[in-house]
Amino acid sequence: MLDPRLMRTRIDKVASELARRAFDLDIAAFEELDGRRKEIQTLTQSLQNQRNKRSNGIGRAKAAGEDIQPLLKEVEDLGDKLRASEAELSGLQAQIQDFMLDLPNLLDEAVPAGKTEDDNEEISRWGEPAEFDFEAMDHVELGIRLQQMDFEVAAKLASARFVTLQGGLAAMHRALIQLMLDTHVQEHGYTEVYVPYLVNSDSMRGTGQLPKFAEDLFAVSNDPPLYLIPTAEVPVTNLVRDTITENGPMPLRFVAHTPCFRSEAGSYGKDVRGMIRQHQFEKVELVQIVRPGESEAGHEELTGHAETILQRLELPYRKVLLCAGDTGFSSSKTYDLEVWLPGQKKYREISSCSNFRDFQARRLSARWRNPETGKPELVHTVNGSGLAVGRALVAVMENYQKPDGCIRVPEALRPYLGGRETIG
RNA sequence: GGAGAGAUGGCCGAGCGGCUGAAGGCGCUCCCCUGCUAAGGGAGUAUGGGUUAAUAGCUCAUCGAGGGUUCGAAUCCCUCUCUCUCCGCCA
């Protein structure tokens, strides 16, 4: 959520900032709403003030043994007026809240203009895409030939966009998770957390999935509703919802491995083949809760932590800065890490690292106590995948394939696979 | 699933219709006293919102959440949520 103060004082600036995202801010509607809110709020508060004063007076008169009948007569119609005014105020406030919840975050100055991923800006490349002296297969073909990856049986069990893994691939999938967790915990200073995979709507609202993106989520029929998490970002960031972090060590760094569930509504026809886009996938997620001035540094650092995993796996990748049109709703600045996939002869997203500044924190009411002022202030939140596990498996399979269709095990994974050098 | 108990400020804990945003204690901050330590004395110490140039004033809200009764609710009534104890079931 954006700063309501900024909305009141510099709405023109907010509008021009949002225009970079091609978001059309209805200034007139906001000003109309907020103007009425101001009027009604002032009225309501003065009525409340009257009520408080009168009621106090009645209390005192009664204690003094005076006749309170005339006083009661005086306040007769106050209650109705107050009730009406309060009802109107809460209606207006709800409308303003709804309006505010639909506004995306302001973009960082560095975010390039553009509409689609074609306008993203490449920042750097690491590693050289390998030259194969045979026709490289994609992970689907490799997996099916190995008889360790099965989309058809998964469709029988669930539906399209699910997969089953067996044997070496299932083990490598798990080894990737272990490598990521160990690296982030032991070398990057993250605390591993285990969290619920079903969360309530408050949590989804806090990180920005609700109210706008309900169709991307799986909900379970429960009252009140619960949602399957689309990313560990949701439960992990919500750890600090409605809390004031007292002067302890900052930033807080959390890492969690969870499954992620996405309905992939609106992505029909996209990546229908293979494990790239599934309803269920595993991810190791990095989250930092930082002091307001430190999110930029935290964002760079966290992106580096995700890159470390790609480097350990010796997977060629590039880092891109997302353009205005491609940057997510809650983010002010996002780097994507894209891994080279020989099967597609393309770089594909394997990690997305975002700086949300105070956007999520305001929705979450996540604060820290500034020792200089003694006052609570909003924190900043930063997160990123470190990495998407399913896609990491795809990348390893395609980059480490041998002519016979077997998969060489990257050095970094061997300790987690009993020293095994090949799968298949 | 059955039976019961509870939810108040950073923590403990009073309050059960009216000068209570909330006694008292602990903790914390500042000051005084003290040769050191210990003890003692004093002051302060929630959050969000409105208005405002203002972290000045004024003002509103908040005692798990939401409704209700009342001139007035932390206190009474209803619904819900969560926590704890015992029984049952269970990975």
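Since we're looking at a predicted model, the values are computed, not measured. Each chain gets a letter, A, B and so on, in the order the sequences are listed, and its residues count up from 1. The figures that follow rest on heavy atoms only: side chains count, while hydrogens, waters and symmetry mates do not.
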Kindly write out the residues that satisfy ring-ring contact (aromatic ring centres under 6.0 Å, His included) with [X], not counting sequence neighbours, or none if the list is empty.
| X | result |
| --- | --- |
| A:F213 | A:F329 |
| A:F162 | A:H279 |
| A:Y400 | none |
| A:H188 | A:H184, A:H305 |

salt_bridge(A:E285, A:K283) N-O dist < 4.0 Å: yes

Lys/Arg-Asp/Glu bridge criterion (N-O < 4.0 Å) met for A:E300, A:K319: yes

Could you please name the partner base of [N], counting Watson-Crick and G-U wobble pairs only when both distances are under 3.5 Å?
| N | result |
| --- | --- |
| B:U20 | none |
| B:C90 | none |
| B:A7 | B:U81 |
| B:G40 | B:C32 |
| B:U62 | B:A46 |
| B:U51 | B:G57 |
| B:A74 | none |

Can you tell me how far [atom1] in [N] sits from the matching atom in [M], rounded to whole Å?
| N | M | atom1 | value |
| --- | --- | --- | --- |
| B:A14 | B:G66 | P | 25 Å |
| B:A3 | B:G88 | C1' | 11 Å |
| B:U75 | B:C63 | P | 8 Å |
| B:C80 | B:U55 | P | 43 Å |

Which whole-number value in Å describes the distance from [X] [atom1] to [N] [atom2]?
| X | N | atom1 | atom2 | value |
| --- | --- | --- | --- | --- |
| A:L82 | B:C60 | CG | C1' | 11 Å |
| A:D202 | B:A65 | CG | P | 13 Å |
| A:N52 | B:C58 | CG | C1' | 14 Å |

Straight-line distance of A:R348 CZ to A:L337 CG, nearest 0.5 Å: 14.5 Å

Pairs involving residues 45-72 of chain A, ordered by first then second residue, that meet ring-ring contact (aromatic ring centres under 6.0 Å, His included) (sequence neighbours left out): none

Sequence neighbours excluded, every pair satisfying ring-ring contact (aromatic ring centres under 6.0 Å, His included) that has a member inside residues 20-39 of chain A: A:F30-A:F99

Residue closer to the 5' end of RNA chain B, A:E86 versus A:R60 (nearest nucleotide): A:R60

Counterpart residues, side chain to side chain contact (heavy atoms under 4.5 Å, CB included), relative to A:P292 (two or more places apart): A:W368, A:E377, A:H380

Nucleotides 43-51 of chain B: protein proximity per nucleotide (B base, S sugar-phosphate only, - neither; heavy atom, under 4.0 Å): ----SSBSS

Base versus backbone protein contacts along nucleotides 71-82 of chain B [heavy-atom cut-off under 4.0 Å; B, S, -]: BS----------

